[in-house]
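Beneath this line is the structure, given in structure tokens, with notes to follow.
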Amino acid sequence: MVHADPILEGLNEPQREAVAHQEGPLLVLAGPGSGKTRVITRRAARLARDAAPASAILAITFTNKAADEMRRRITALGAGAGMWICTFHSLGARLLRAYGQRIGVEPGFSIYDEADRKQTMKSAMEEASVGGHVLTVDKAIHAISAAKNELRTPAGYEVTARDFNERMIARVYEAYEALLKKQNAADFDDLLLKPAQMLGEDDDLRRMLNQRFQYLLIDEYQDTNHAQYLVARRLSELNQNICATGDPDQSIYGWRGANLDNILDFERDYPDTRVVRLEQNYRSTGAILRAASTVIRANRRRKDKELWTEGDDGEPLRVWRFASGSDESEHIAQNIVAMSQDGVDYADFAIMYRVNAVSRGVEDALRARRIPYRIIRGVEFYNRREIRDTVAYLRVLMNPRDEQALLRIINTPARGIGKKTIERLLIAAQNADETLLATIRRAHDVPGVAKGTAKKLRSFVTLLDRLSDHVEGPLDALVGQVLEQSGYEQYLREAEDDSSEDRLANVMELVTVAARYQQEEPDGDLDGFLARVSLTSDQDAVDPNAGCVQLMTLHAAKGLEFPVVFLVGVEQGLLPHERSLSGPFGVDEASLEEERRLFFVGLTRAMRRLHISYADMRAIRGRLTPRSASQFVGELPDSAAVVETISRATFRDARSRYNDQDAVWDEAEFAPADEAGQTSRRRGGFRPRPERRFEFQQTETYFSVDDPTTGAAPTERGRYADWSAGTWVRHDSLGVGQVIWIQPSSGQTRAAIKFAGQGQRVYILEHAPIHRLERPSPQ
DNA sequence: TCGTGAAACTTTTTT
DNA sequence: AGTTTCACGA
């Protein structure tokens with residue numbers, strides 16, 4: 001009898017087996033909700049305790065969020081210090097920073113995001129004079145990205161090019177690579193491809209890293225692409241201690257190059273692999289599991305698993321059919337209100353959809369009922385113009401060759417350097433074969449640049465030089481200096497439009513983001529901060545403590561769970577998306593299966609209640625189109641789902657609503673359809689917003705979240721929970737004010753505050769010198 | 001050079 | 001429907 005080991009405690013048999021396994025390759029096939037994260041974290045902790053120093057363990061995830069979560073849980077188990085826990089992309093960035101010079105990547109290189117890549121690709125196409133053909137920028141990006149994932153070089157691409165189009169792509173590819181190199185930049189693909197390449201070509205490096213990392217743990221292995229596969233393989237060559245966890249049924253990134261064969265053929269790649277299946281589900285009701293397993297069994301390319309639970313069958317899934325997308329939104333919002341009155345916390349709801357465009361209608365309905373919600377779009381913050389502008393300054397300071405960033409800031413805020421001048425500078429730079437910044441430094445002798453303009457360029461350069469003195473100092477101070485010295489802050493303060501206050505608040509938030517980063521990473525520098533900023537993903541924004549209904553795409557939902565899930569827009573053409581239905585050869589089976597996996601992922605996010613809905617009509621890109629139920633709806637087993645048609649019953653008398661504040665422009669949603677089923681566009685005028693009510697064909701009963709069986713943790717209330725519109729506050733320098741509105745969110749509660757005699761301004765409460773006044777101000 | 005408004009195009013998913 | 005690009009006038 002072995003003594004109880006706390007690390008193995010509370011695990012079921014296969015979980016224990018996976019945690020206890022030590023030497024040699026291990027494949028954990030983990031169904032949804034089967035305690036996979038638990039297994040990985042325990043295993044990592046156990047290895048650090050029994051097998052190797054923490055620094056010899058490398059754990060790789062797909063999102064920063066997952067990495068942070070894993071680190072937190074491993075730390076809670078008493079291990080983790082010194083362990084490498086990161087995403088594939090951040091691992092790539094780290095390796096490149098440390099060893100990239102061997103393949104021509106200088107330290108301090110910039111990471112080009114989608115927008116930068118697009119611009120660069122445009123330039124590359126111009127340079128290769130490939131414009132005007134059938135080849136579009138997007139097609140070039142796609143083709144070259146695919147080539148990079150396969151580790152094909154421009155030269156290699158050219159050799160195998162079979163037609164005119166491919167020869168064009170080869171030329172663009174070459175020009176694009178040359179640009180990246182000249183600008184010392186790497187795109188997202190490079191972060192995987194270059195390390196894979198380095199590890200393949202440089203025996204010393206590979207040997208060294210193989211000795212350093214004795215144990216490899218890779219999560220979401222079903223989503224690895226070829227480059228990631230090679231990194232994993234080349235890092236585990238010596239010890240063969242690779243533990244891959246994943247689920248072929250949840251592979252949803254095929255369009256990004258993920259190769260399902262990586263997990264399906266793992267046992268072939270690593271002989272003597274121990275395979276463990278985690279099939280017991282701790283998340284969902286029996287009905288939800290039955291529905292999910294039935295649906296996914298229609299796929300051919302998979303490894304069969306039996307999902308089962310010891311829990312109860314729960315309620316059947318509800319399949320709702322609506323007349324229109326807006327009915328769908330309204331009904332869901334109404335349902336959330338009803339359930340929340342019954343005690344279900346807002347944070348317990350999630351609304352999921354296939355494409356982002358669907359979220360708008362839902363948002364409107366939630367907003368109309370003042371239901372707090374949050375859209376999971378982590379990149380949103382970093383994609384704001386003001387943030388990109390500020391970050392661009394930082395990027396130029398880090399990497400003066402970063403042309404994308406330089407072009408962004410050269411006239412932001414406006415300093416009289418126009419398009420013509422920039423064009424001349426770019427040509428001069430190309431002729432002299434030097435970087436854009438070098439040309440700008442000698443602008444006075446660039447032909448065609450006027451004296452006055454040269455002077456402006458001079459002072460821009462001086463600004464950058466002055467700022468670079470602060471690069472070594474604290475990051476938040478650096479960001480502050482950028483905002484101040486560039487005039488960007490003043491520019492925002494003086495701007496008159498209504499968004500400028502928000503933008504100012506966002507920019508200030510970037511200062512605190514920088515401060516927080518430095519707190520978390522004591523030896524974090526500008527380079528690391530920029531990498532963090534570039535590699536933040538959508539999923540990283542999920543915050544279960546926000547007290548809000550969460551809206552997200554199905555892709556962003558992976559790995560999450562919610563007591564109540566609404567799957568909206570489950571319509572043919574949307575899920576499965578039409579791109580999988582109308583390929584060059586009709587239905588593309590492989591991508592149809594991926595769509596089905598996406599549906600499967602959605603189904604298995606739900607713990608207790610699951611609502612699936614579709615509408616007969618939906619406005620897509622401004623146009624009302626007829627829709628029909630997804631084929632996947634028909635694949636649900638009758639024993640687990642109830643289908644209901646929900647109709648709009650009554651409109652309140654239009655006239656009584658005329659004086660209400662929310663008369664709306666009729667967006668053709670209610671315009672009559674002609675005989676072809678097409679709706680005439682834009683034939684409205686102001687009409688009252690109809691009050692919609694729904695008939696329930698069945699009485700709704702909601703479970704209460706207090707119910708211990710749901711396992712829902714009591715929601716953490718923010719420290720501003722008792723603040724509301726009208727709350728009196730004091731600002732350290734502006735004095736007494738009153739809250740106009742407040743948007744709760746953990747860590748960054750926004751509020752608009754009005755001060756006597758001044759306008760209202762938006763603050764992030766956590767970071768502003770604002771305190772609550774206990775008593776209303778004595779007038 | 002810069003701001004305005006019209007036209008054109010876009011999107012499926014995202015590190 | 002929203003964003004980006006383009007053309008034009010100040």
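Chain letters run A, B, ... following the sequence lines, proteins first, then strands; residues in each count from 1.
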Pick base, sugar-phosphate or nothing for A:Asp189, based on heavy-atom distances below 4.0 Å to the nucleic acid. nothing

Whole-Å distance separating the CG atom of A:Asp138 from the P atom of B:dT14: 16 Å

Judged by each residue's nearest nucleotide on DNA chain B, which is more toward the 5′ side, A:His89 or A:Ser580? A:Ser580

Atom NE2 of A:His142 to atom P of B:dT13: distance rounded to whole Å? 15 Å

Per A:His555 side chain, nearest of listed nucleotides B:dT11, B:dT13, B:dT1: B:dT13

Find which nucleotide of DNA chain B each of A:Arg256 and A:Ala414 is nearest to by heavy atoms, and output the residue with the more 5' nucleotide. A:Ala414

Need one value for A:Ala357: base, sugar-phosphate or nothing, where a base atom within 4.0 Å counts as base even if backbone is also close, heavy atoms only. nothing

Ignoring backbone atoms, establish whether A:Lys122 has a side-chain N or O less than 4.0 Å from OP1 or OP2 of C:dT5. yes

Counting only side-chain N and O atoms of A:Thr553, is one of them less than 4.0 Å from OP1 or OP2 of B:dT14? yes

Check this for me, if you would: do A:Asp190 and A:Lys148 make a salt bridge, where the nitrogen-to-carboxylate-oxygen distance has to be below 4.0 angstrom? yes

Salt bridge between A:Asp261 and A:Arg301, side-chain N to carboxylate O under 4.0 Å? yes

Just how far, in rounded Å, is P of B:dT13 from NZ of A:Lys558? 16 Å

Is there a donor-acceptor pair closer than 3.5 Å between any side-chain N or O of A:Gln572 and the backbone N or O of A:Gln631? yes

Salt-bridge present (A:Lys36, A:Asp247; N to O < 4.0 Å): no

Ranking B:dT11, B:dT14, C:dT5 by distance to the side chain of A:Ala556, first place goes to B:dT14

Nearest-Å distance for atom pair OH/P, residues A:Tyr221 and B:dT15: 21 Å

Starting at CZ of A:Arg117 and ending at P of B:dT15, how long is that distance when rounded to a whole Å? 13 Å

If you only use heavy atoms from C-beta on, which nucleotide in C:dA1, C:dT5, B:dT13 is closest to the side chain of A:Arg360? C:dA1

Rounded to the Å, how far apart are A:Ile422 CD1 and B:dC2 P? 9 Å

Once you round it to whole Å, what is the distance between P of B:dT15 and OH of A:Tyr253? 6 Å

Has A:Trp255 got its ring stacked on the base of B:dT13, with centres under 5.5 Å and planes less than 30° apart? yes

Between atom CD1 in A:Ile141 and atom C1' in B:dT10, what is the gap in whole Å? 14 Å

Below 4.0 angstrom from OP1 or OP2 of B:dT1, is there any side-chain N or O of A:Thr421? yes

N-O pairing of A:Arg618 and A:Glu328 below 4.0 Å: yes

Taking only N and O in the side chain of A:Asn356, is any of them less than 4.0 Å away from OP1 or OP2 of B:dT11? no

In this structure, is the centre-to-centre distance between the rings of A:His89 and A:Phe62 below 6.0 Å? no

Determine the contact category for A:Asn225: base if any of its heavy atoms lies under 4.0 Å from a base atom, sugar-phosphate if only primed atoms, P, OP1 or OP2 are that close, otherwise nothing. nothing

Assign A:Glu114 to base, sugar-phosphate, or nothing according to its heavy-atom contacts below 4.0 angstrom with the strands shown. base

